[in-house]
Amino acid sequence: MGYGITSSETQIENCGMATVYGVCFGEEAILDISSNKETVLRIVEKLNEFEVSTIHVHDVIRDLLE
């Protein structure tokens with residue numbers, strides 16, 4: 001199993017619509033991680049490079065965003 005990137009549109013208060021990106025794995029996804037596609041692509045690359053277990057994916061994403 002590998003990690004991939006998702007995209008969706010969301011309404012941001014006082015700003016209108018924006019594209020946001022997330023991470024998908026198997027039949028699950030973590031949506032709306034960032035509006036910066038490059039940031040999420042780097043996260044996906046690291047998740048795949050280190051073969052991160054889905055048990056730890058939320059913590060790893062949080063750490064990579066800090």
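- Applying the ring-ring contact (aromatic ring centres under 6.0 Å, His included) test to residues at least two apart or on different chains, none of the pairs has a partner in residues 33-66.
- Side-chain contact between Ile61 and Leu65: present, with at least one pair of heavy atoms (C-beta onward) separated by less than 4.5 Å.
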Taking only distance into account, with no hydrogens and no angle test, what donor-acceptor pairs under 3.5 Å do side-chain atoms of residues 5-33 form with protein atoms, sequence neighbours excluded?
unit_1	atom_1	unit_2	atom_2	d
Thr6	OG1	Gly22	N	3.2
Glu9	OE2	Thr19	OG1	2.6

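- Not counting sequence neighbours, the partners of Lys46 by the salt bridge (Lys or Arg N to Asp or Glu O under 4.0 Å) test are Glu49.
- Distance alone, capped at 3.5 Å, is enough to place a donor-acceptor pair between the Tyr3 side chain and the Val52 backbone.
- Between Lys37 and Val40 the shortest side-chain heavy-atom distance does not fall below 4.5 Å.
- Asp59 is linked by a side-chain hydrogen bond (donor to acceptor under 3.5 Å, both in side chains) to Arg62, counting only residues two or more places apart in sequence or in another chain.
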